[in-house]
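Just so it is clear: chains get the letters A, B, ... in the order the sequence lines come, proteins before strands, and each one is counted from 1. Worth knowing before you read on, the calculation uses all heavy atoms, side chains too, and leaves out hydrogens, waters and symmetry mates.
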Protein chains: 2
Amino acid sequence: MRNSITINDISRETSVSNTTVSRVLNGFSRKYRISDETAQHVMEVAKKLNYRPNRTAVSLRKKVSNLIGLVVPDLSNSFFTNVANIITNELKKNGYSVILTDCGDDENTEIEVVNLLNDRRIDGLLVMPCGKQSEHLEDLYGQGVPVICVDRYFESSPLSFVATNNYSGAYEITKYLIGSHHKHIACIQGLEHVMPNLQRVKGYMDAMKDAGLEEEICVVGNDFSQENGYLETKRLLQRSQRPTAIFGLSNTIILGSLKALEEEGLSVPQDMSLVTFDNAEYLNFLNPPLTSIAQPNAEIAQMSIKMLLGMIRNKELLAAQRPEQILLNPTVIHRKSVKILKD
Amino acid sequence: MRNSITINDISRETSVSNTTVSRVLNGFSRKYRISDETAQHVMEVAKKLNYRPNRTAVSLRKKVSNLIGLVVPDLSNSFFTNVANIITNELKKNGYSVILTDCGDDENTEIEVVNLLNDRRIDGLLVMPCGKQSEHLEDLYGQGVPVICVDRYFESSPLSFVATNNYSGAYEITKYLIGSHHKHIACIQGLEHVMPNLQRVKGYMDAMKDAGLEEEICVVGNDFSQENGYLETKRLLQRSQRPTAIFGLSNTIILGSLKALEEEGLSVPQDMSLVTFDNAEYLNFLNPPLTSIAQPNAEIAQMSIKMLLGMIRNKELLAAQRPEQILLNPTVIHRKSVKILKD
DNA sequence: TATGTTTGCACAAACGATTGTGCTAAAACG
DNA sequence: CGTTTTAGCACAATCGTTTGTGCAAACATA
């Protein structure tokens with residue numbers, strides 16, 4: 001068992017009380033009128049013994065853990081890892097460590113891990129909720145724990161959120177496809193009930209409707225996996241009326257589509273146009289480079305943290321405030337996966 | 001401030017001591033002869049009040065945190081995130097939470113975060129060390145904290161490790177290039193002093209030597225970034241004697257190469273053959289699909305955890321045992337980025 | 001000299017659990 | 001009925017900190 005140096009060892013060695021040691025080491029010498037001499041001595045001994053405070057004890061006593069929970073749906077999706085990465089690094093700069101957990105896009109797992117995080121007395125929670133329920137999160141929030149929804153959120157909930165304006169992104173890129181004279185545009189969606197998916201589908205559908213293509217609306221699929229992209233693409237290709245363009249609602253989905261198309265010997269964009277949500281460096285080097293909707297990952301991460309830290313600092317306001325609801329605009333990155341059809 | 005239900009609330013409500021409550025809730029009713037009646041009552045009240053133990057208090061008292069530290073060099077590299085992902089999920093199944101930190105491939109940051117993790121009394125550390133020094137890790141290990149090096153490791157150190165057999169992977173793929181009649185093969189390396197890089201370079205060099213191509217050995221570059229891949233490729237292209245093949249030592253590096261080649265209007269593999277370490281789904285869909293050396297990510301993760309958990313369970317043996325040193329074999333995945341030259 | 005003020009620090013209670021030990025009352029035994 | 005055993009639980013210390021308060025000695029003031 002690890003037997004580290006404690007404040008009491010210093011206390012013994014310096015023959016002052018642990019109270020005094022604690023105060024010196026926390027920079028309260030002045031405040032509690034510890035003589036410079038004593039303070040010096042304590043600090044020297046602390047350094048000599050290579051003392052480091054036990055954060056567990058501090059957490060227990062101060063009721064502050066400097067731990068932030070981060071719950072993501074699926075770490076094999078590069079969008080989530082990218083955001084998680086930025087969040088983790090940003091929070092470290094602010095003196096927080098993060099406990100990162102992947103809930104496998106499963107609601108019960110999410111509830112379980114949120115409880116676990118609460119047991120560890122996290123100072124705040126950043127969550128990309130994967131289910132329809134928000135009670136477990138609102139409960140936590142009600143207990144006074146700052147909670148921010150990131151990327152995914154709930155319509156009417158006291159929880160603040162930061163997300164991409166998924167609607168506008170989807171609307172815009174669909175309009176672009178239509179502008180390129182595509183009419184048969186299929187949309188492969190992810191988890192049906194989560195907000196980003198809902199909004200993206202809505203954006204797609206509205207753009208179709210606004211162009212008088214209501215009849216052509218075609219939404220298939222049911223999760224954000226690559227398999228889903230693969231299978232749905234295969235099925236789309238078997239239709240009598242094949243789409244001329246596919247809009248994948250995540251980078252994972254589109255990778256599945258690509259695989260299916262390749263297997264069928266179809267090439268992009270000659271035989272099929274392809275666009276996707278999410279951005280990634282490698283999209284530039286695909287065959288062909290894929291036109292995509294880049295989410296503002298860094299801004300999402302930074303804004304979430306800003307809001308979270310704000311709540312942590314102003315706990316009193318926590319309950320009083322109305323939720324902040326922030327939607328950040330995505331940008332369409334035009335590459336080479338859309339064929340311009342003759343009209 | 002969060003005011004949760006404690007064991008004392010239950011104690012009050014049931015009119016038994018907190019000792020008894022604790023024993024009941026930990027399943028020690030039998031052992032301490034708590035009557036079934038009392039036990040029942042305690043459990044009911046605990047459920048009614050929705051009691052959950054404060055893990056911070058438990059950690060302090062039991063000197064066990066159920067926290068594992070995971071330190072990776074760079075979370076924007078998909079190899080690391082992939083391994084981290086598997087590790088995190090596997091550990092969760094074993095009742096551990098992981099604190100994940102990215103040290104930005106900086107040695108001082110690594111030392112700092114390792115100290116921070118120690119302050120939190122992690123039960124074990126999985127680390128992909130980014131520097132030449134191992135003292136901070138050996139210190140921790142010496143304090144009785146299980147430490148396993150993952151992917152990266154040190155030559156002569158008491159620390160156990162799990163990594164890919166980088167040498168054989170590099171040797172094999174270089175031999176393959178040579179077998180395809182390439183002679184001018186350049187190697188763009190990552191961080192010079194880390195073991196995987198060292199071993200990969202060695203594999204490359206030995207393969208060249210064994211084929212009598214000692215004169216042609218060409219190792220450039222100095223870190224695992226995409227920028228490094230980009231810049232070094234640009235420079236290679238300016239040489240009077242251009243290489244006919246480039247061996248990138250990571251997926252990030254090769255993405256940089258690809259960018260440089262594209263800018264120069266060169267296509268793969270017609271104008272330049274390309275191979276890389278690391279595997280990723282998207283490599284299949286690049287233009288062209290890249291031949292690569294797939295590391296056994298899942299096995300690395302699982303083996304690391306197995307060793308770590310073993311150490312945690314057998315702490316006594318910790319110091320006594322000789323380090324375990326595990327190298328797992330990679331596999332070359334042949335795709336379409338190597339041109340077979342006429343000899 | 002008596003009183004008030006400041007200096008410099010220590011005592012002891014918390015935080016929320018776990019755990020070695022001790023104690024009382026009832027049951028069992030002879 | 002007296003003694004031993006067992007059942008059933010509580011006391012209090014402990015983990016390593018932080019923190020409200022108290023208190024003696026030194027000093028200043030009148």
Check salt bridge (charged side-chain N to carboxylate O under 4.0 Å, His left out) between A:Lys93 and all other residues, then give those that pass, not counting sequence neighbours.
A:Glu90
Test ring-ring contact (aromatic ring centres under 6.0 Å, His included) applied to B:Phe80 - qualifying residues, sequence neighbours left out:
none
Nearest whole Å is fine: how far is D:dG16 C1' from A:Leu25 CG?
13 Å
Once side chain to side chain donor-acceptor pair (under 3.5 Å) is applied, do any residues pair with B:Arg61, and if so which ones, sequence neighbours excluded?
none
Any residue in residues 113-122 of chain A with a heavy atom nearer than 4.0 angstrom to DNA chain C? Just list them by number, or reply none.
none
Judged by atom type as modelled, is there a donor-acceptor pair below 3.5 Å linking the side chain of A:Ser35 to the main-chain atoms of A:Thr38?
yes
Distance-only side-chain donor-acceptor flag, A:Ser4 / B:Gln143, under 3.5 Å
no
Side chain to side chain donor-acceptor pair (under 3.5 Å) partners for A:Asp9, two or more places apart
A:Arg12
Residues two or more places apart in sequence or in another chain: which of them pass salt bridge (charged side-chain N to carboxylate O under 4.0 Å, His left out) with A:Arg52?
B:Asp119
Net bend of the helix from C:dT1-D:dA30 to C:dG30-D:dC1, end axes of five pairs each, nearest 10 degrees:
60°
A:Asn8 has an atom CG; how far is it from atom P of D:dC15, in whole Å?
8 Å
Whether A:Glu107 side chain and A:Lys132 backbone form a donor-acceptor pair below 3.5 Å
yes
At a heavy-atom distance below 4.0 Å, which nucleotide of DNA chain C is the first touched by chain A, and which is the last?
C:dT7 to C:dG16
Given atom NZ of B:Lys63 and atom P of D:dC15, what is their separation to the nearest angstrom?
7 Å
Interatomic distance, A:Gln325 atom CD to A:Met307 atom CE [nearest 0.5 angstrom]:
9.0 Å
Quick one: does A:Ser11's side chain have a donor or acceptor within less than 3.5 Å of a partner on A:Ile7's backbone?
no
Any residue in residues 44-60 of chain A with a heavy atom nearer than 4.0 angstrom to DNA chain C? Just list them by number, or reply none.
A:Leu60
Do the side-chain N and O atoms of A:Thr20 and A:Ser17 include a donor-acceptor pair separated by under 3.5 angstrom?
yes
Return the minimal non-hydrogen interatomic distance between B:Lys92 and A:Cys103, and the atom names on each side.
NZ-CA, 4.5 Å
Check ring-ring contact (aromatic ring centres under 6.0 Å, His included) between A:Phe79 and all other residues, then give those that pass, not counting sequence neighbours.
none
Kindly say whether A:Arg55 contributes a backbone atom to a donor-acceptor pair with the side chain of A:Ser59 at under 3.5 angstrom?
yes
All N/O pairs under 3.5 Å across the protein-nucleotides 8-10 of chain D interface:
| unit_1 | atom_1 | unit_2 | atom_2 | d |
| --- | --- | --- | --- | --- |
| D:dG8 | N7 | B:Arg33 | NE | 3.1 |
| D:dG8 | N7 | B:Arg33 | NH2 | 3.0 |
| D:dG8 | O6 | B:Arg33 | NH2 | 3.1 |
| D:dC9 | OP1 | B:Thr38 | OG1 | 2.5 |
| D:dC9 | OP2 | B:Ser35 | N | 2.7 |
| D:dC9 | OP2 | B:Ser35 | OG | 3.0 |
| D:dC9 | OP2 | B:Thr38 | OG1 | 3.1 |
| D:dA10 | OP1 | B:Ser17 | N | 3.2 |
| D:dA10 | OP2 | B:Ser17 | N | 2.6 |
| D:dA10 | OP2 | B:Ser17 | OG | 2.8 |
| D:dA10 | OP2 | B:Thr20 | OG1 | 2.8 |
| D:dA10 | N6 | B:Arg23 | NH1 | 2.7 |

Residues forming a side chain to side chain donor-acceptor pair (under 3.5 Å) with A:Asp151, sequence neighbours excluded
none
